[in-house]
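To start, the structure under review is shown below, and the notes come after it.
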Amino acid sequence: MSTAFDKLARPIQKWVRAQGWREMRDIQARATHVLMDSDADLIVAASTAGGKTEAAFLPLLSQILDDPSGISGFDLLYVAPLKALITDQARRLDDICREAELPVIPWHGDVPASVKTRAIKRPRGVLLITPESLEALFIRRGLELPRLFGATRAVILDELHSVLDSERGIQIRSLLARLEQSLNRLIRRVGLSATLGDMELAKAYLRPDSPGEVREVVAAGGGAELQLQLRGYVTGDNDDEGPSATDAIALHLFGHLRGSDNLVFAGARQAVEIYSDRLRTLCEKERLPQEFYPHHASLSRDHRDFVERRLKDGNAPTTAICTSTLELGIDIGDVTCVGQIGAPFSVASLRQRLGRSGRRPGKPAILRQYVVEAKLTPTSNFSDRLRLGLVRAVAMIELLLEGWCEPPKRGALHLSTLVHQILSVIAQRGGIHAQQLYGMLCQKGPFRQVDTQPFLDVLRALGHPETALIEQADDGLLLLGAMGEKLVEHYSFYAVFQTPEEYRLISGGKELGTLPIDNLIAPGMLLIFSGRRWLVLEVHDRDRVIMVSPAKAGVPPLFGGDPGNIHDRVIERMLDILEDQNRPIYMDATALELLEEARSHYAQLQFGPGRIAQLGENATILATRTGSIRTTTLALALRAAGFTVQTHDGFLEVFGKDGTPLLIDALAALASGEAVNLFTHSPNLVFEKFHPYLTEALLQQDAFSARLDTAALAELSRSILG
DNA sequence: TGATGTCGGGCGACCG
């Protein structure tokens with residue numbers, strides 16, 4: 001059998017030799033065999049910097065060189081969710097493609113129009129594009145798609161794991177399905193991904209019609225040794241001497257991370273600001289050069305570029321205190337250690353974060369997990385007593401060590417994104433019949449969960465005279481309505497996700513970043529932002545601008561954010577941890593003490609064979625043993641029955657009122673499958689960009705499909721009753 | 001209500 005290297009085209013072999021590689025990496029060799037010997041779709045899963053890009057491109061480019069199509073159009077299409085990733089990859093591919101004399105065209109909002117015009121005139125080579133820019137191509141050049149993509153051999157989807165479950169993932173899949181339909185043929189799909197929670201689901205996402213035929217190349221696991229510590233801290237110790245929990249963590253970070261490159265994930269932007277401020281102050285006090293910098297999405301591009309460059313250069317030691325901004329595949333080089341403050345929200349993201357460290361041979365990956373718990377008082381809530389943050393951190397670490405991570409959820413209707421794609425198709429083609437549209441998006445596209453009836457309901461909602469997004473001509477053709485035209489015309493249409501309104505923060509003519517408008521800001525106020533302290537000078541509401549100047553003190557602003565979902569498996573593990581007696585060796589003394597406290601309080605609750613515990617006179621605790629979706633569903637059902645309910649990780653705290661039935665009776669009714677209206681208290685159902693155009697009934701269906709699980713309600717109630 | 005975050009963009013007018 002010939003080796004993978006032998007299979008590559010001459011110019012590509014030449015490039016490989018020029019790299020001085022002794023041999024191709026295992027995943028590259030395996031991907032080469034699959035891609036050169038078959039026309040199967042493929043998923044390549046490996047950690048960041050695992051050589052995935054080359055694994056896909058070396059063989060795909062070889063095929064193009066060995067067998068030029070002679071047809072017009074881009075030879076390869078690469079779709080990535082970040083502009084920075086496209087810029088990075090364009091640079092790497094440029095090098096390979098120079099040898100092959102194929103153009104590489106990065107295409108996103110910051111790419112000059114001249115580059116785009118040239119590429120459109122004579123489309124060939126590799127097109128690297130964001131989903132939004134691809135959407136714009138469909139809308140603005142819908143009729144030219146065959147000319148632009150007639151020659152396209154394959155589409156490479158980078159960071160597949162990050163879009164599997166999301167609005168943007170559905171958008172990408174819809175665009176690809178539409179492209180294939182307009183070309184009247186399939187285009188091979190190659191997904192590049194970090195470790196996946198469920199390969200079979202990922203295959204179904206990549207190629208819904210034949211997931212069984214999608215091949216996979218997965219990097220051998222293991223690799224770096226993992227060094228792990230979980231440190232516990234108690235806050236609210238005002239009477240005691242010594243630093244607060246925040247200061248203590250900042251001190252520990254300062255002492256252990258100084259002098260090397262590190263990432264510290266603080267969970268929320270406000271926390272990033274607080275820790276950056278503390279660490280900056282520590283550097284100043286010790287008269288040491290600054291090496292701790294904040295990094296999150298509200299900070300200016302300039303500042304973020306500066307931090308990323310410092311990390312990548314490796315010249316001066318740099319620690320970024322960050323949110324998930326530094327989680328995805330932008331290349332920032334290897335870091336010594338990854339810090340995580342507070343329990344993460346998913347094992348998948350914890351794994352992705354950890355993958356940033358220990359990439360050099362012989363170097364361990366280091367995770368420093370910090371958890372802050374409240375100081376207990378006689379009136380402390382049971383959730384504080386159960387130390388749910390700490391227990392969640394332990395559960396996540398154990399699941400990480402076992403190699404598990406969350407699979408994507410399936411079955412969501414994605415009605416907001418459906419609205420977007422309906423408008424996009426109509427704009428692309430000028431008009432379309434309802435039946436054809438349904439076939440395109442729901443039968444052949446990604447909206448397969450949407451039946452004819454809800455689809456017609458969506459069309460009706462969009463065609464309602466007050467909405468006027470679409471209208472129907474006499475011959476039945478669907479056209480854009482007045483509002484629809486306006487919406488699609490503006491560049492804000494291309495993204496499928498919602499963006500909040502923000503102020504721009506300016507100091508001395510330089511933009512520091514943005515603040516959500518729901519912060520109440522007035523002149524004279526003090527702010528912490530970008531890790532520094534500011535005095536608010538002027539607020540211009542109309543232009544959404546805040547002018548500031550440096551100050552000596554400040555408070556961190558509020559940033560928004562929607563809570564995400566914790567997976568069932570994580571909650572199950574949390575309960576197991578509360579019920580067993582293991583003392584993980586990676587926990588420090590305080591963390592172990594907190595864990596013992598949690599266990600003894602859990603034992604005191606005396607859950608019986610069922611999972612009900614009485615707390616005081618009228619509060620009842622239910623252990624749901626399920627994640628956010630099912631726990632929230634049960635909470636809504638009990639609220640509908642008149643109870644006051646607070647939700648926690650895997651627990652509900654239920655209070656009866658005059659006139660409410662016995663909780664046991666209410667649970668028994670649910671267990672018997674009795675119907676319940678979860679929306680009696682009309683909770684907010686508008687979460688996504690195009691939700692405001694839908695009816696209440698459609699919004700409820702969308703919520704049922706993605707955020708709630710009514711089917712599990714009866715079984716969950718039964719198991720709680722025991 | 002107990003709680004995060006991230007991501008994207010076309011065109012034409014104007015100026016040198």
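Just so it is clear: chains get the letters A, B, ... in the order the sequence lines come, proteins before strands, and each one is counted from 1.
- Among the protein residues, A/Lys116 comes within range of the sugar-phosphate backbone only, with heavy atoms under 4.0 Å from sugar or phosphate atoms but none that close to a base.
- Atom P of nucleotide B/dG2 and atom CG of A/Leu390 are separated by 20 Å, given to the nearest angstrom.
- Using a 30° and 60° split on the angle between ring planes, A/Phe651 and A/Tyr602 fall in the perpendicular class, above 60°.
- In this structure, the ring of A/Phe497 has its center no less than 6.0 angstrom from the ring center of A/Phe687.
- Judged by ring centres under 5.5 Å apart and planes tilted less than 30 degrees, A/Phe497 stacks against the six-membered base ring of B/dC7.
- Rounded to an integer number of Å, the gap from CG of A/Leu558 to C1' of B/dA3 is 14 Å.
- Rounded to whole Å, atom C1' of B/dC7 lies 10 Å from atom NZ of A/Lys83.
- Atom pair A/Ile566:CD1 and B/dA3:C1' shows a separation of 8 Å (rounding to whole Å applied).
- A/Glu489 comes within contact range of no nucleotide atom at all, as no heavy-atom separation falls under 4.0 Å.
- Between the CG atom of A/Leu299 and the C1' atom of B/dC7 there is a distance of 16 Å, rounded to whole Å.
- Separating the CG atom of A/Leu134 from the C1' atom of B/dG10 is a distance of 15 Å, rounded to the nearest angstrom.
- Regarding A/Phe265, its CZ atom lies at a distance of 11 Å from the P atom of B/dT6, rounded to whole Å.
- Taking 3.5 Å as the limit, the base of B/dG2 and the side chain of A/Asp649 contain a donor-acceptor pair of atoms between them.
- Counting to the nearest Å, the P atom of B/dG5 and the CG atom of A/Leu515 are 13 Å from each other.
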* To do: Would you write the dot-bracket representation of DNA chain B, where each base gets (, ), [, ], | or . depending on whether it forms a Watson-Crick or G-U pair under 3.5 Å and with which partner?
  => ................

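- Taking 3.5 Å as the limit, the base of B/dG9 and the side chain of A/Ser133 contain no donor-acceptor pair of atoms between them.
- Taking only side-chain atoms of A/Arg140, from C-beta outward, the nucleotide of B/dT6, B/dC11, B/dG9 with the closest atom is B/dC11.
- Applying the 4.0 Å criterion to OP1 and OP2 of B/dG8, one finds that A/Ser492 has every side-chain N and O outside that range.
- A salt bridge does not link A/Glu572 with A/Arg569: every distance from a Lys NZ or Arg NE/NH1/NH2 to an Asp or Glu carboxylate oxygen is 4.0 Å or more.
- Between A/Glu502 and A/Arg544 no salt bridge is recorded (no basic side-chain N to carboxylate O distance below 4.0 Å).
- Position along DNA chain B of the nearest nucleotide to A/Arg168 versus A/Arg353 favours A/Arg353 as the more 5'-ward residue.
- The aromatic rings of A/Phe690 and A/His420 sit tilted, their planes meeting at an angle between 30° and 60°.
- If you check every strand for non-hydrogen atoms under 4.0 Å, A/Thr499 touches a base.
- Residue-level contact check: A/Arg304 touches the backbone only, with heavy atoms under 4.0 Å from sugar-phosphate atoms and none from bases.
- An OP1 or OP2 oxygen of B/dG8 is reached within less than 4.0 angstrom by no side-chain nitrogen or oxygen of A/Thr130.
- Each of A/Arg269 and A/His490 has a nearest nucleotide on DNA chain B; the 5'-most of these lies closest to A/Arg269.
- Residue contacts for A/Arg141: at a heavy-atom cut-off of 4.0 Å it reaches no nucleic acid atom on any strand shown.
- Taking the centre of each ring, A/Phe292 and A/Tyr275 stay at or above the 6.0 Å mark.
- Relative ring orientation between A/Phe149 and A/Phe74 is described as tilted, the plane-to-plane angle lying within the 30° to 60° band.
- Residue A/Thr325 is in sugar-phosphate contact alone, with no base atom involved, counting any heavy-atom pair closer than 4.0 Å across all strands shown.
- Interatomic distance, A/Thr417 OG1 to A/Arg173 CZ, rounded to the nearest 0.5 Å: 11.0 Å.
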